[in-house]
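One-based numbering, in listed order, for ligands and for the atoms of each. The model shown is predicted, which means the values in this text are computed figures rather than measured ones. By convention here, the first residue in the shown sequence is residue 1.
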Amino acid sequence: MRLINGNDFKMDNTCVAFGQFDGLHRGHRAVIDKLIEQKNKNLTSVMLSFDYNPTNIFGVNDVIYTEEEKQIILGENPPDVMISYPFTSEMAAMKAEVFIKDILVDQLGVKVVVAGENCRFGKDCSGNIETLKHYASIYGYDVICLETIKENEQTITSSIIREAFEEGFLDKANHLLGHIFKMLGEVVHGKAIGRTVGMPTANLGVPSNKLIPKHGVYATLSEIDGEVLQGLTNIGLRPSVDDHSYVTIETFLLDFSRSIYGKKITLDVHSYIRGVQKFKNIDEVKNQVDKDIESIRSYLNAIQ
Ligand SMILES: Cc1cc2nc3c(=O)[nH]c(=O)nc-3n(C[C@H](O)[C@H](O)[C@H](O)COP(=O)(O)O)c2cc1C
Ligand SMILES: Nc1ncnc2c1ncn2[C@@H]1O[C@H](COP(=O)(O)OP(=O)(O)OP(=O)(O)O)[C@@H](O)[C@H]1O
């Protein structure tokens, strides 16, 4: 997959799907799969992803996935090109027909647009599937409209997945996503307290606008340099060791003792184990973690 960051591109003979694609959930995946199918028409498949990074636009919600995470989730079946298009205030004010003419037609030379029947775009979300169809004959492209993918009669959207996270329903969120929720980050230095009791932790640094699941201890798999490792991750505060109010994401990797500072980790957050508790000291945290490991070993073995 070729990656383009920004709005400086010029292409021709493309099929395009566009949107925020936050979560790359089952509905998004259906759109991307349909997009990739257009290969047989000799078109370059382009996913135009709006990048809601706070450096582009002020006051955005936390994102389920950053652009880099979306690239990973596209995985083994990616489109030919992914464009991370800065979603700026100028972009938010762009009329739907201008988006179609200037970006889809002039910059991308679109021949086929693939979109869900619920798609919304342009200033005040005034553009929809009918708008795309209306301009299709004027600009000479086809529209492939997908029925929305639903779960229990409810359309799968990023918003309902975000709600599931807020309510602490990780299993539901993972089910709607169609894959295990991921967090990509770099291993940063902690206070090195854990290692004093035989529990070194890899502290994950993630972008400030990344959605964080409900605080708690989770069964996770970490991918580091292509290797998949079992772990237990504490997402939240650490009331037993300090009273700081900032959230840390710390993983105790099982049966592992190499130094991985600065390395990139992709954390798969599989299931919620328990809430974060206040213990008397770090030794008692470690005692509890030993019990947690005992209870989830076979589960981790089964999912790895
Ligand atoms: C699997 C796991 C579970 C944890 N559970 C708790 C907990 O219930 N309560 C708590 O205060 N801290 C908890 N912690 C946080 C530890 O207290 C923290 O990792 C330790 O202080 C090491 O910090 P360091 O990275 O600065 O060395 C947990 C950490 C891990 C890895
Ligand atoms: N459940 C779904 N089934 C089929 N297509 C979908 C579904 N959800 C989104 N799409 C399509 O995926 C493309 C990108 O959607 P986009 O991310 O902009 O919106 P969304 O997921 O509906 O988001 P939100 O919940 O944030 O409003 C659009 O063409 C949209 O119609």
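There is no side-chain donor-acceptor pair under 3.5 Å between Gln288 and Lys291. No donor-acceptor contact under 3.5 angstrom links the side chains of Thr266 and Glu223, judged on distance only. Side-chain polar atoms of Thr44 and Asp80 form no donor-acceptor pair below 3.5 angstrom.
Looking at ligand 1, you won't find any N or O of Arg195 less than 3.5 Å from one of its N or O atoms. On a distance-only criterion, Pro239 and ligand 1 share at least one N/O pair closer than 3.5 Å. Close N/O approach between Ser240 and ligand 1 is found [any backbone or side-chain N/O within under 3.5 Å]. Between Arg238 and ligand 1, at least one N/O pair is under 3.5 Å apart. Of the N or O atoms in Glu250, one or more lie within a sub-3.5 Å distance of an N or O in ligand 1.
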Candidate pair Lys111 and Asp142, rule salt bridge (Lys or Arg N to Asp or Glu O under 4.0 Å), full reasoning: CA-CA 6 Å; Lys111 298 293 178 282; Asp142 292 330; over 6 Å; no

side-chain hydrogen bond (donor to acceptor under 3.5 Å, both in side chains) between Ser49 and Lys70, intermediate numbers included: CA-CA 9 Å; Ser49 168; Lys70 287 179 196 172; 2.9 Å; yes

Salt bridge (Lys or Arg N to Asp or Glu O under 4.0 Å) assessment of Asp62 paired with Arg162: CA-CA 9 Å; Asp62 285 351; Arg162 224 177 259 119; over 6 Å; no

Arg258/Glu227 under salt bridge (Lys or Arg N to Asp or Glu O under 4.0 Å): CA gap, chis, key distance, verdict: CA-CA 13 Å; Arg258 274 174 269 153; Glu227 198 180 348; 3.2 Å; yes

Step-by-step side-chain contact (heavy atoms from CB on, under 4.5 Å) determination, Ile100 to Phe121: CA-CA 10 Å; Ile100 294 174; Phe121 60 101; 4.0 Å; yes

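Of the possible donor and acceptor atoms, one in the side chain of Asn56 sits under 3.5 Å from a partner among the backbone N and O of Asp51. Checked by atom type and distance alone, the side chain of Glu117 never pairs as donor or acceptor with a backbone atom of Cys145 at under 3.5 Å.
Within the listing of ligand 2, atoms 25 (O) sit less than 4.0 angstrom from a heavy atom of Thr157. Within ligand 2, the atoms closer than 4.0 Å to a non-hydrogen atom of Val31 are 5 (N), 11 (C), 12 (O), numbered from 1 in the order shown. Atom numbering of ligand 2 starts at 1 in the shown order; those under 4.0 Å from a heavy atom of Thr148 are 3 (N), 4 (C). Every atom of ligand 2 with a heavy atom of Gly19 under 4.0 Å away is listed here by number and element: 14 (C), 18 (O). Annotation for ligand 1: atoms under 4.0 Å from non-hydrogen atoms of Val289 are 1 (C), 2 (C), 3 (C). Of all atoms in ligand 2, numbered sequentially from 1 with element shown, those under 4.0 Å from a heavy atom of Ala115 are 29 (O). Of all atoms in ligand 2, listed by their number and element, those nearer than 4.0 Å to a heavy atom of Thr155 are 1 (N).
Contact annotation: for Val217 versus ligand 1, heavy atoms closer than 4.0 Å belong to the side chain alone. Contact annotation: for Phe50 versus ligand 2, there are no heavy atoms closer than 4.0 Å. Counting heavy atoms under 4.0 Å from ligand 1, residue Arg274 touches it through the side chain alone. In Ile282, the part holding a heavy atom less than 4.0 Å from any atom of ligand 1 is the side chain. Of all the heavy atoms of Asn203, the ones lying under 4.0 Å from any atom of ligand 1 belong exclusively to the side chain.
Under a cutoff of 6.0 Å and an axis angle of 45°, Lys214 and Tyr272 form a cation-pi pair.
Considering only non-hydrogen protein atoms, atom 1 (N) of ligand 2 sits nearest to Ile156 O, 2.8 Å. Given atom 7 (C) of ligand 1, the protein heavy atom at minimum distance is Gln277 O, 3.4 Å. Looking only at protein heavy atoms, the nearest one to atom 3 (N) of ligand 2 is Ile149 N, 2.7 Å. Ranking the protein heavy atoms by distance from atom 14 (N) of ligand 1 puts Asn234 ND2, 3.6 Å first. When hydrogens are left out, the protein atom nearest atom 29 (O) of ligand 2 is Gly116 N, 3.0 Å; that is the closest non-hydrogen contact. For atom 26 (O) of ligand 2, the closest non-hydrogen atom on the protein side is Ser158 OG, 3.3 Å. Among all protein heavy atoms, the one lying closest to atom 28 (C) of ligand 2 is Cys119 CB, 3.8 Å.
The option with the heavy atom closest to atom 20 (P) of ligand 2, from among Lys34, Gln20, His28, is His28. Closest to atom 21 (O) of ligand 1 by heavy atom, among Leu237, Asn281, Val241, is Val241. Proximity annotation for atom 31 (O) of ligand 2: of Leu24, Asn118, Leu176, Asn118 comes nearest, heavy atoms only.
Between His134 and the choices Thr131, Ile138, Leu132, the side chain to side chain contact (heavy atoms under 4.5 Å, CB included) rule is met once, by Ile138. Of the listed residues (Met47, Met1, Arg2), just one forms a side chain to side chain contact (heavy atoms under 4.5 Å, CB included) with Pro78, and that residue is Met1. Among the candidates Ile296, Leu300, Thr251, the single residue satisfying the side chain to side chain contact (heavy atoms under 4.5 Å, CB included) test with Gln230 is Leu300.
Between Phe181 and Tyr65, the angle of the ring planes stays under 30°, which puts this pair in the parallel group of the 30/60° scheme. Ring orientation note: the planes of Tyr85 and Phe50 are nearly perpendicular, at an angle over 60° on the 30°/60° scale.
In this structure, Phe121 has no heavy atom closer than 4.0 Å to ligand 2. Heavy atoms of Ser159 come nearer than 4.0 angstrom to ligand 2 in at least one pair. Heavy-atom distances between Leu146 and ligand 2 stay at or above 4.0 Å for every pair. Heavy atoms of Arg120 stay at 4.0 angstrom or farther from ligand 2.
Among all heavy-atom pairs drawn from Val31 and Ala17, the shortest one is CG1-CB, 3.6 Å.
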